[in-house]
2 protein chains.
Amino acid sequence: MMKTEAEKMMHARAEVFKALGHPARLAMVIALGKGERCVCELQELVGSDMSTVSKHLSILRAVGLVDSEKRGLQVFYSLNCPCTLDFVSCVDRALAER
Amino acid sequence: MMKTEAEKMMHARAEVFKALGHPARLAMVIALGKGERCVCELQELVGSDMSTVSKHLSILRAVGLVDSEKRGLQVFYSLNCPCTLDFVSCVDRALAER
DNA sequence: TAGTTATTTGACAAAATAGCAAATAAGAAG
DNA sequence: CTTCTTATTTGCTATTTTGTCAAATAACTA
C-alpha cells in the first residue's frame with residue numbers, strides 16, 4: 001500500500017494521540033507537567049508493575065512527548081511538550097459542558 | 001473493579017485522545033478546522049466507505065469533539081474544540097525536531 | 001415512486017493491547 | 001567482588017479493540 005507524504009504525516013500525528021489515549025500514560029504526562037519524576041514515582045502514581053510503567057514510558061518517549069535522563073540508579077522523565085497540558089485543560093472544559 | 005472519580009475523569013480524557021488517534025479521524029478534525037463539512041465531503045477526503053466515515057464521525061461526536069446538524073439530505077459537521085488545532089500545530093513542531 | 005445522503009446494525013478478521021514474569025543491564029554500596 | 005536497587009527488555013498470553021464492509025433502515029427530495 002503506497003503512502004503519500006501527507007498520509008505518513010497524519011499517521012505520525014495520530015501516533016502521538018494514541019500514545020496519550022491511555023489513562024495511565026495520560027496521568028503520567030500530567031504529573032510530568034509539574035516537573036520531572038523518576039520511574040518509581042510514576043509507578044506509585046499509576047500503581048502498575050514497574051515493567052508496565054517502563055513500557056508506557058517508552059511509548060511516550062518514542063513519539064517525542066517526554067525525555068529521559070539517567071542519574072545514578074534512577075531515570076528521570078520530563079515533559080517535552082508542555083502544550084499537552086493546555087490541550088488537556090481544553091478537553092476538560094469540553095467534558096464539563098456535556 | 002472500583003473506580004474513583006479521578007480515575008473516571010482520566011479515562012474520559014483518554015477517550016478523547018483515543019478518538020483523535022486515527023489518521024482518518026484526525027484528518028477530518030483538521031479539515032473541520034477550516035469550516036463545516038458534510039459527510040460526503042469528508043468521505044471524499046479520507047476515501048473510505050461512507051458507513052466507515054459515519055462511524056468515525058460518531059466516535060468524534062461521542063467524545064464531544066464535533067457537532068452535527070442535518071440540513072436537507074446532508075449532515076454537516078463542525079469542530080467543537082478549536083483548541084485541537086493548536087495542539088496539532090504543537091505536535092507538528094515536536095515531530096519536526098526529531 | 002425512485003433516488004440521495006447518512007446512520008445503524010451485525011459480523012468478522014486482523015491488529016493491537018495491556019499486563020506480567022523472568023531475564024538483563026547498570027549503577028550504588030558494602 | 002558481591003549484593004542490592006532501579007529500570008528496561010524480552011517473550012508470552014489473553015483480552016480487547018479495531019477498522020471495515022455489506023446490508024438494512026431512516027430521512028429527505030424530486
Side-chain angles (χ1 to χ4, degrees), chain A residues 1-3 7-8 10-29 31-32 36-78, chain B residues 1-3 7-8 10-29 31-32 36-78:
Chain A
M1 52 179 82
M2 274 281 294
K3 251 197 184 174
E7 280 170 333
K8 277 188 224 158
M10 203 60 76
H11 183 81
R13 285 163 167 165
E15 284 302 310
V16 176
F17 283 99
K18 275 171 69 176
L20 291 166
H22 187 286
R25 288 197 292 266
L26 192 50
M28 290 193 288
V29 164
L32 292 178
E36 63 173 22
R37 298 278 189 277
C38 70
V39 179
C40 53
E41 287 172 308
L42 295 170
Q43 178 191 11
E44 189 172 7
L45 174 73
V46 305
S48 302
D49 195 89
M50 177 166 281
S51 71
T52 298
V53 172
S54 194
K55 185 162 204 168
H56 281 317
L57 288 169
S58 78
I59 290 171
L60 291 172
R61 198 180 39 204
V63 298
L65 282 169
V66 304
D67 281 330
S68 66
E69 187 190 352
K70 181 150 193 172
R71 248 178 270 145
L73 272 185
Q74 289 160 321
V75 177
F76 288 88
Y77 280 80
S78 56
Chain B
M1 53 180 80
M2 273 281 293
K3 249 195 185 178
E7 279 170 333
K8 278 188 222 158
M10 203 60 77
H11 183 80
R13 285 164 166 164
E15 284 302 310
V16 176
F17 282 99
K18 275 171 71 175
L20 291 166
H22 186 284
R25 290 197 291 267
L26 191 51
M28 292 193 285
V29 163
L32 292 177
E36 63 173 22
R37 298 278 188 277
C38 70
V39 179
C40 52
E41 287 172 308
L42 296 171
Q43 178 190 10
E44 190 172 5
L45 174 73
V46 305
S48 301
D49 195 88
M50 178 167 278
S51 70
T52 299
V53 172
S54 195
K55 183 160 205 170
H56 280 317
L57 288 169
S58 78
I59 290 171
L60 291 173
R61 198 181 38 205
V63 298
L65 281 169
V66 304
D67 282 331
S68 66
E69 186 189 354
K70 181 152 193 172
R71 249 177 270 148
L73 272 184
Q74 289 159 320
V75 177
F76 288 88
Y77 280 80
S78 56

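The figures here come from the full heavy-atom set of this structure, side chains too, leaving out hydrogens, waters and symmetry mates. Each chain gets a letter, A, B and so on, in the order the sequences are listed, and its residues count up from 1.
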Roughly, in whole Å, what's the span from [atom1] in [X] to [atom2] in [N]?
X: Leu73(B); N: dA30(D); atom1: CG; atom2: P; answer: 8 Å
X: Lys70(A); N: dT9(D); atom1: NZ; atom2: C1'; answer: 13 Å
X: Glu15(B); N: dT17(C); atom1: CD; atom2: C1'; answer: 14 Å
X: Leu26(A); N: dA18(C); atom1: CG; atom2: P; answer: 13 Å
X: Arg71(B); N: dA6(C); atom1: CZ; atom2: P; answer: 12 Å
X: Tyr77(B); N: dT5(C); atom1: OH; atom2: P; answer: 16 Å
X: Ile59(A); N: dT9(D); atom1: CD1; atom2: C1'; answer: 13 Å
X: Arg61(B); N: dA6(C); atom1: CZ; atom2: C1'; answer: 11 Å

* Asked: Is the shortest side-chain N/O distance from His56(A) to OP1 or OP2 of dG19(C) below 4.0 Å?
  -> yes
* Return no unless some side-chain N or O of Lys55(A) is found under 4.0 Å from OP1 or OP2 of dT10(D). => no
At their closest point, which heavy atom of [X] faces which heavy atom of [Y], and how far apart are they?
X: Ala19(B); Y: Leu60(B); answer: O-CD2, 3.8 Å
X: Gln43(B); Y: Val53(B); answer: CA-CG2, 3.9 Å
X: Leu26(B); Y: Leu20(B); answer: CB-O, 3.8 Å
X: Ala27(A); Y: Leu45(A); answer: O-CD2, 3.7 Å
X: Tyr77(A); Y: Ser68(A); answer: CE2-CB, 3.5 Å

* **Selected nucleotide, minimal atom distance to His22(B) side chain, candidates dT8(D), dT7(C), dT20(D)** => dT20(D)
* For dT20(D) and dT17(C), measure between their P atoms and round to the nearest Å. => 15 Å
* Structure fact -> Result for 5'-nearest mapping on DNA chain C, choosing between Ser68(B) and Gly21(A), is Ser68(B)
* Structure fact -> Between Thr52(A) and Val39(B), the residue closer to the 5' end of DNA chain C by nearest nucleotide is Val39(B)
* Structure fact -> Contact check, residues 43-51 of chain B vs DNA chain D, heavy-atom distance under 4.0 Å, returns Asp49(B), Ser51(B)
* **Distance in Å, Glu41(A) CD paired with Gln74(A) CD, rounded so as to fall on 0.5 Å steps** => 7.5 Å
* CG/Leu32(B) to CE/Met28(B) distance, rounded to the nearest 0.5 angstrom? -> 8.0 Å
* Looking at every strand, decide which applies to Arg25(B) at a 4.0 Å heavy-atom threshold: base, sugar-phosphate, or nothing. => sugar-phosphate
* **Sugar-phosphate only, base, or nothing, as touched by Phe76(A) at under 4.0 Å among non-hydrogen atoms** => nothing
